[in-house]
Amino acid sequence: MTASPHVNRRIFLTRTAAATALSVPALGALSACASGGSSGSGTVETVDRTDDNPFGVPSDEQLEVVIFDGGFGDQYALDTEELYQERFGPVDHTATQEIQSRLQPRMVQGEPPDVVDNSGAQAMDIAALIRNDQVHDLTELLDAPSLDDPEVPVRDTLMPGTLEMGQFGSDAFYQLNYAYHVYGQWYSRTALQRLDVEYPRTWDEMIDVCRRAQREGIAGWTYPGVYPYYLAFTLYPFIAKIGGIEVLRALDNLEPNAWRHEAVRAAFEAYHELYARGFILEGTPGLNHEDAQSEWTAGRALFIPNGSWVENEAKSTTPEDFDMAVGPPTGLDSSDAMPFETLWASPGEPFLVPADARNVPGGMEFLRIMLGRQSAQNFTRLVSSLTCVRGAADGMELGPGLSSAVEAIEAAGDNLVLSRLPDWYKQLNDEEIGGAVAAMMAGEINPTEAIDRCQRAADATARDDSIEKFQHA
């Protein structure tokens with residue numbers, strides 16, 4: 001499918017240029033100057049609602065869509081926009097990596113786009129947006145007829161975890177996480193075969209595999225040191241595997257001394273051992289995600305913590321015989337509370353419709369089209385990633401990485417875990433926790449000091465009344 005020639009691909013609207021000239025306010029300042037628009041009615045006049053047009057989207061009204069131009073690119077969105085344009089108005093399309101710096105001033109001014117792919121290192125803090133009534137409740141989308149079968153509501157077509165990941169302490173549904181990510185230890189089957197080793201199931205086995213690699217001049221691990229929150233993709237499920245899902249939920253809930261749980265300590269000490277034994281690729285603390293992935297696909301490191309978007313994001317540097325795969329986080333030992341197959345798999349790539357958007361009905365219809373089988377399969381075909389649409393990839397020919405991700409999900413069964421820290425408390429997770437773990441992995445502090453830093457940061461967040469708090473039920 002090709003992009004419609006009518007899609008406007010200018011860098012941004014004229015009003016964006018004016019908005020981005022403003023300084024981006026800190027999150028605390030955001031509360032003071034937020035527009036507070038929460039009606040979600042937009043300014044377009046709706047038409048009669050039908051099964052084919054459940055939100056009453058008028059014809060010939062422009063829709064503005066902003067897509068994060070990261071590992072998934074934006075062609076999938078352009079293709080969905082073409083389907084939208086066949087029935088509704090023109091689409092103003094922008095692809096950018098600068099989500100927060102470009103859009104947060106517009107959110108504050110009450111002049112946001114209609115659909116935002118709020119992803120990447122510069123994603124806006126969704127919890128802060130919700131607190132300031134700047135996100136439209138998408139429950140109406142969940143209850144609307146699905147695109148492929150009007151007898152089935154949208155909510156019944158979604159993968160497990162999609163509803164939970166879009167809710168923040170209430171029944172309201174604020175964001176649609178479109179891609180279904182499988183997080184874990186990504187590796188090359190070919191590399192392990194050359195070393196004549198099996199995928200490590202216990203930490204002793206991990207040390208043995210890394211030692212074998214070291215003798216061949218290969219590092220055991222690398223990761224994006226510039227974005228240390230990548231380490232959480234394996235560290236958090238590792239903690240759950242050691243101590244049980246309740247430990248992970250205690251971290252999410254900001255419970256006192258949650259970071260001092262023995263399962264956390266065991267996980268931190270295991271990861272620190274990778275540094276202490278010299279198994280981390282030299283220079284890793286200074287690598288961004290693309291650099292780390294390039295080092296990994298070049299065969300200079302065996303394992304990298306990542307998500308299932310990596311197959312597409314790293315395809316230009318991946319050798320044909322690499323045979324990319326993902327495994328669940330290596331466990332500690334036989335005392336683990338959860339089975340080896342335990343995996344963090346959940347929807348990601350969050351889309352939202354701003355409350356003050358001019359064309360809220362069009363924004364919801366765009367998301368409904370994305371959830372149709374045609375768009376979902378097109379996404380998987382283009383970017384080698386599953387979607388949150390149940391069964392959409394059935395029968396499709398998948399790449400080795402994505403095939404292994406599907407196998408990992410099936411092997412995990414009910415042992416799928418997820419952490420809400422990254423979206424409930426973005427700054428805490430990315431900067432404070434990520435920074436402490438990064439310092440430990442670089443040898444600047446020891447595990448006890450890292451745990452203390454994490455607990456102090458979590459306690460400070462818990463005490464801060466300006467930060468919206470969320471709890472697992």
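Residues take their numbers from the sequence shown, with the count starting at 1. If you're wondering where the values come from, they're calculated on a predicted model, not measured in any experiment.
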Parallel, tilted or perpendicular, as decided by the 30° and 60° cut-offs, for the rings of [Y] and [X]:
{"X": "F233", "Y": "Y183", "answer": "tilted"}
{"X": "W221", "Y": "Y271", "answer": "perpendicular"}
{"X": "Y199", "Y": "Y187", "answer": "tilted"}

[X]: which residues meet the salt bridge (charged side-chain N to carboxylate O under 4.0 Å, His left out) condition with it, sequence neighbours left out?
{"X": "R260", "answer": "D452"}
{"X": "D430", "answer": "K426"}
{"X": "D143", "answer": "R155"}
{"X": "R420", "answer": "D423"}

Closest approach of [X] and [Y], non-hydrogen atoms and distance?
{"X": "A337", "Y": "G244", "answer": "CB-N, 3.6 Å"}
{"X": "A462", "Y": "K469", "answer": "O-CE, 3.3 Å"}
{"X": "A172", "Y": "T139", "answer": "CA-OG1, 4.1 Å"}
{"X": "D74", "Y": "D69", "answer": "N-OD1, 4.3 Å"}
{"X": "P228", "Y": "A438", "answer": "CB-CB, 3.5 Å"}
{"X": "A144", "Y": "F55", "answer": "CB-CZ, 3.7 Å"}

With rounding to the nearest 0.5 angstrom, report the [atom1] to [atom2] distance, [X] to [Y].
{"X": "I433", "Y": "L251", "atom1": "CD1", "atom2": "CG", "value": "8.0 Å"}
{"X": "L371", "Y": "S146", "atom1": "CG", "atom2": "OG", "value": "9.5 Å"}
{"X": "M370", "Y": "T387", "atom1": "CE", "atom2": "OG1", "value": "9.0 Å"}
{"X": "D125", "Y": "R131", "atom1": "CG", "atom2": "CZ", "value": "11.0 Å"}
{"X": "H181", "Y": "S385", "atom1": "NE2", "atom2": "OG", "value": "6.0 Å"}
{"X": "L129", "Y": "E468", "atom1": "CG", "atom2": "CD", "value": "12.0 Å"}

Aromatic ring proximity, centroids under 6.0 angstrom, [Y] and [X]:
{"X": "F168", "Y": "F470", "value": "yes"}
{"X": "W424", "Y": "H472", "value": "yes"}
{"X": "W296", "Y": "Y223", "value": "no"}

Show your reasoning for whether salt bridge (Lys or Arg N to Asp or Glu O under 4.0 Å) applies to E98 and R102.
CA-CA 6 Å; E98 300 171 349; R102 285 181 177 268; 3.4 Å; yes

Okay, side chain of T330, backbone of W203: is any donor-acceptor separation there less than 3.5 Å?
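A pair under 3.5 Å: no.
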
May I ask you to decide if E64's main-chain N or O and D114's side chain share a donor-acceptor pair within less than 3.5 Å?
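Yes, the answer is positive, given that a donor and an acceptor are paired below the 3.5 Å cut-off.
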
Under a 3.5 Å cutoff, is there a donor and acceptor pairing between the side chains of [X] and [Y]?
{"X": "D117", "Y": "S119", "answer": "no"}
{"X": "T318", "Y": "T297", "answer": "no"}
{"X": "D252", "Y": "S419", "answer": "yes"}

I need the single residue from N288, T317, N306 that forms a side-chain hydrogen bond (donor to acceptor under 3.5 Å, both in side chains) with Q293. Which is it?
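Option passing the side-chain hydrogen bond (donor to acceptor under 3.5 Å, both in side chains) with Q293: N306.
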
Tell me, please, which residues at least two apart from [X] pass side-chain contact (heavy atoms from CB on, under 4.5 Å).
{"X": "P160", "answer": "R390"}
{"X": "E246", "answer": "none"}
{"X": "S375", "answer": "T80, L83, Y178, I369"}
{"X": "A232", "answer": "Y236"}

Does the pair L63 and V65 meet the rule for a side chain to side chain contact (heavy atoms under 4.5 Å, CB included), with working shown?
CA-CA 6 Å; L63 181 76; V65 178; 3.7 Å; yes

Side chain to side chain contact (heavy atoms under 4.5 Å, CB included), that's the test. Do L78 and I67 meet it? Break it down for me.
CA-CA 10 Å; L78 290 166; I67 299 296; over 6 Å; no

Going by an N to O cut-off under 4.0 Å, is there a salt bridge joining D459 and R456?
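Looking at D459 and R456, the cut-off is not met.
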
Assess whether a salt bridge exists between R201 and E205, defined as any Lys/Arg side-chain N lying under 4.0 Å from an Asp/Glu carboxylate O.
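Judged by the 4.0 Å cut-off on N to carboxylate O distance, R201 and E205 do not form a salt bridge.
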
Contact list for residues 403-415, test side chain to side chain donor-acceptor pair (under 3.5 Å), sequence neighbours left out:
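Residue pairs passing side chain to side chain donor-acceptor pair (under 3.5 Å), neighbours aside: none found.
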
Does anything in residues 297-318 pair up under salt bridge (Lys or Arg N to Asp or Glu O under 4.0 Å), and if so which pairs, sequence neighbours excluded?
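Residue pairs with at least one partner in residues 297-318: E295-R300.
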
A quick test of your reading: do over 12 heavy atoms of other residues, nucleotides or ligands sit less than 6.0 Å from [atom1] of [X]?
{"X": "E282", "atom1": "CD", "result": "no"}
{"X": "Y275", "atom1": "OH", "result": "no"}
{"X": "D394", "atom1": "CG", "result": "yes"}

Who are the side-chain hydrogen bond (donor to acceptor under 3.5 Å, both in side chains) partners of Q97, not counting sequence neighbours?
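By the side-chain hydrogen bond (donor to acceptor under 3.5 Å, both in side chains) rule, Q97 matches no residue at all.
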
Restricting to side-chain hydrogen bond (donor to acceptor under 3.5 Å, both in side chains), what partner residues turn up for R453, sequence neighbours left out?
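With sequence neighbours excluded, R453 shows a side-chain hydrogen bond (donor to acceptor under 3.5 Å, both in side chains) to no residue whatsoever.
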
